[in-house]
Amino acid sequence: MRILFVAGEAYPLAKTGGLADVVGALPKAFRGLGDEVRVMLPGYPEAMAKVTEIGRPLPLADAMGYGAARIVPARMPDSHLEVFLVDCPEAYARPGGPYQDADGRDWPDNARRFALLSRAAALLGVAGGLAGWQPDIVHAHDWQTGLVPVYMRQWGGRGAGSVFTIHNLHYQGVFPPATLGEVGVDPALNTIDGLEYWGNVSLLKAGLVFSDFLTTVSPTYAREIQTEGFGYGLDGVVRWRAQTLRGILNGIDPEIWSPETDAMIAQPYSVSDVSGKARCKAALQAEAGLLPDAGAPLLGLLGRLVWQKGVDIVLGALPEIVEMGFQVVIQGAGEPGIEARCREAATIFAGKVSAHIGYDERFAHVIEAGADMFAVPSRFEPCGLTQMYALRYGTLPVVRRTGGL
Ligand code: ADP
Ligand code: GLC
């Protein structure tokens with residue numbers, strides 16, 4: 001099959017969390033099965049800089065109110081996956097992250113930014129052979145791409161089928177109703193069985209309602225999101241579509257996450273020779289400013305510092321955890337309040353607790369390899385990848401029993 005992935009991020013071009021890991025890795029797995037997969041992403045400057053362009057760009061007639069926009073065919077570094085970058089500097093070339101500015105505020109025009117991406121993908125889906133390639137399936141991921149199936153239906157034709165994957169139902173892409181006009185969606189869809197959501201419109205709901213098929217990233221989460229406690233107001237929609245929803249557990253990319261070949265860790269090791277793991281632990285203790293104690297059990301924590309991840313639960317229990325003789329290393333970025341509490345804990349328990357605030361891909365590998373145990377105390381977790389990386393590195397995961405955990 002020919003499959004077009006479309007998402008807001010994909011490793012190594014842009015990453016804020018596990019979505020990027022999956023959108024970078026899953027196409028490679030499909031390719032291994034004989035499918036032809038291409039990935040469409042916004043043309044963030046870092047992404048444009050990392051790829052190799054391989055064909056003539058295709059101008060987009062309507063740039064959603066921005067200046068010019070074009071689809072640039074290119075190839076990813078390392079995996080050589082083919083990608084289409086939607087190059088529109090006015091929408092995507094900004095200092096900050098894919099969804100937020102440098103101060104953590106959502107870009108005010110996010111609906112339009114991602115409608116542009118979604119429409120470019122839908123265009124390839126319906127317009128038979130545009131850009132020389134007709135997908136059989138357009139596979140969209142999370143709220144940023146929820147309008148893909150809406151545009152595909154609006155335009156009709158005998159195009160591709162659509163699949164929508166829920167990586168996190170909590171991020172719903174909610175915008176004022178006037179947005180529909182701005183992004184070229186028929187305002188008649190602003191109804192309870194369309195995009196309407198408590199007086200606003202939800203782009204996630206658009207994906208849930210209009211896609212041919214739905215998946216989410218673990219079988220447990222597929223069940224959980226049909227309940228009020230995990231549905232965040234969309235459980236009714238999910239129940240209504242339950243016949244076309246499957247929970248499929250994520251996998252990991254062993255070319256990036258394997259202690260045998262990982263160039264970012266102090267010493268490679270494997271299941272048949274784990275001696276390198278002790279050196280990785282010593283290196284982690286040194287870099288994190290922890291006491292060089294080979295016998296102290298070392299607990300790692302790594303993730304976005306948001307309510308979902310439950311890091312505050314571990315922070316609350318730190319006095320007892322330290323009392324038991326543990327060392328704890330935390331890496332993360334997110335809500336300023338949680339960041340501050342992590343820093344404070346590291347000051348109070350200097351030498352025993354270390355906080356690495358910020359985003360650092362290399363240090364994530366250093367923790368996965370160097371820790372003895374890895375905590376994932378998430379309040380909900382659609383799948384979670386860090387615990388699977390921990391398993392791969394012989395680092396015992398200690399997790400809450402929810403979702404993919
Ligand atoms: P989520 O997608 O909800 O953030 P996952 O466990 O699926 O959770 O994926 C998180 C990914 O982001 C992992 O690859 C993890 O290593 C990475 N990550 C999270 N926070 C950081 C950080 N501060 N620095 C480096 N990598 C991080
Ligand atoms: C989301 C979820 C996480 C999942 C990831 C990749 O960000 O929060 O649990 O592993 O997507 O599917």
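Position 1 is the first residue of the sequence; numbering continues from there. Order of listing sets the numbers, starting from 1, for every ligand and every atom in it.
Listed by number with element, the atoms of ligand 2 under 4.0 angstrom from any heavy atom of Val217 are 12 (O). Atoms of ligand 1 lying under 4.0 Å from any heavy atom of Gly384, numbered from 1 in the order shown and given with element: 6 (O), 7 (O). Within ligand 2, counting atoms from 1 as listed, the ones closer than 4.0 Å to a heavy atom of Val22 are 6 (C), 12 (O). Listed by number with element, the atoms of ligand 2 under 4.0 Å from a non-hydrogen atom of Asn168 are 8 (O). Interface atoms of ligand 2 facing Gly384, defined by a heavy-atom separation under 4.0 Å, are 3 (C), 4 (C), 9 (O), 10 (O).
Of all protein heavy atoms, the one lying nearest to atom 10 (C) of ligand 1 is Gly18 N, 3.5 Å. Looking only at heavy atoms of the protein, atom 8 (O) of ligand 1 is closest to Lys309 NZ, 3.0 Å. Closest protein heavy atom to atom 12 (O) of ligand 2: His167 ND1, 2.6 Å. Of all protein heavy atoms, the one closest to atom 27 (C) of ligand 1 is Tyr359 CE1, 3.4 Å.
A heavy-atom separation below 4.0 Å is found between Glu381 and ligand 1. In this structure, Glu368 falls outside the shell of residues with a heavy atom less than 4.0 angstrom from ligand 1. The shortest separation from a heavy atom of Gly17 to ligand 2 is not under 4.0 Å, leaving the residue out of contact. Remark: distances from the non-hydrogen atoms of Gln308 to ligand 2 include one below 4.0 Å. Residue-ligand proximity: Gly332 is placed with a non-hydrogen atom under 4.0 Å from ligand 1.
At least one test fails for Arg246 against the ring of Phe213: distance under 6.0 Å to the centre or angle within 45° of the axis. Both the sub-6.0 Å distance and the 45° axial angle are not jointly satisfied by Lys352 relative to the ring of Phe349.
Contacts of His167 with ligand 1, taken as heavy-atom pairs under 4.0 Å, are absent altogether. Looking at Leu19 against ligand 2, only its backbone comes within 4.0 Å, counting heavy atoms. Under 4.0 Å from ligand 2, the heavy atoms of Asn250 that appear belong solely to its side chain. At a heavy-atom distance under 4.0 Å, no atom of Thr16 approaches ligand 1. Residue Asp360 touches ligand 1 through its backbone alone, judged by heavy-atom distances below 4.0 Å. Proximity of Tyr389 to ligand 1, defined as any heavy-atom pair under 4.0 Å, is confined to the side chain (atoms from C-beta onward).
Counted by atom type alone, Gln308 and Asn168 present one or more donor-acceptor pairs between their side chains at under 3.5 Å. No donor-acceptor contact under 3.5 angstrom links the side chains of Tyr232 and Gln172, judged on distance only. Inspection of the His365 and Asp262 side chains reveals an N or O donor paired with an N or O acceptor under 3.5 Å. Thr220 and Ser218 share no donor-acceptor pair across their side chains, judged by distance under 3.5 Å alone.
In terms of N/O distances under 3.5 Å, ligand 1 is approached by Gly358. On a distance-only criterion, Leu385 and ligand 1 share at least one N/O pair closer than 3.5 Å. Considering backbone and side-chain N/O atoms, Gly18 never comes within less than 3.5 Å of an N/O atom of ligand 2. Residue contacts with ligand 1: Trp257 is placed with no nitrogen or oxygen under 3.5 Å of a nitrogen or oxygen of the ligand (distance criterion only). Here's the thing with Asn168: none of its N/O atoms is less than 3.5 angstrom from an N/O atom of ligand 1. The N/O atoms of Glu361, backbone and side chain alike, include none that comes under 3.5 Å of an N/O atom in ligand 1.
One finds no salt bridge joining Arg94 and Asp101 here, because no Lys/Arg side-chain nitrogen approaches an Asp/Glu carboxylate oxygen to under 4.0 Å. Look at Glu53 and Arg75 and you find no salt bridge, because none of the NZ, NE, NH1 or NH2 atoms lies under 4.0 Å from a carboxylate O. Here Asp235 pairs with Arg239 in a salt bridge; the nearest charged N to carboxylate O distance falls below 4.0 Å. Between Arg362 and Glu287 there is a salt bridge, since a side-chain N of the basic residue sits under 4.0 Å from a carboxylate O of the acidic one. Ion pair Arg119/Asp62 flagged as a salt bridge, since at least one NZ, NE, NH1 or NH2 atom sits closer than 4.0 Å to an Asp/Glu carboxylate oxygen. No salt bridge links Arg392 with Glu368; every basic N to acidic carboxylate O contact stays at or beyond 4.0 Å. With respect to Glu335 and Arg304, no salt bridge is recorded, no charged nitrogen being found less than 4.0 Å from a carboxylate O. A salt bridge is defined here as a Lys NZ or Arg NE, NH1 or NH2 lying under 4.0 Å from an Asp or Glu carboxylate O, and Asp253 with Lys28 meets this definition. Between Glu36 and Arg2 there is a salt bridge, with a side-chain nitrogen of the basic residue lying less than 4.0 Å from a carboxylate oxygen of the acidic one.
Taking only non-hydrogen atoms, the option from Arg304, Glu9, Gln308 nearest to atom 4 (O) of ligand 1 is Arg304.
Residue Lys15 forms a salt bridge (charged side-chain N to carboxylate O under 4.0 Å, His left out) with just one option from Glu361, Glu46, Glu9, and that option is Glu361.
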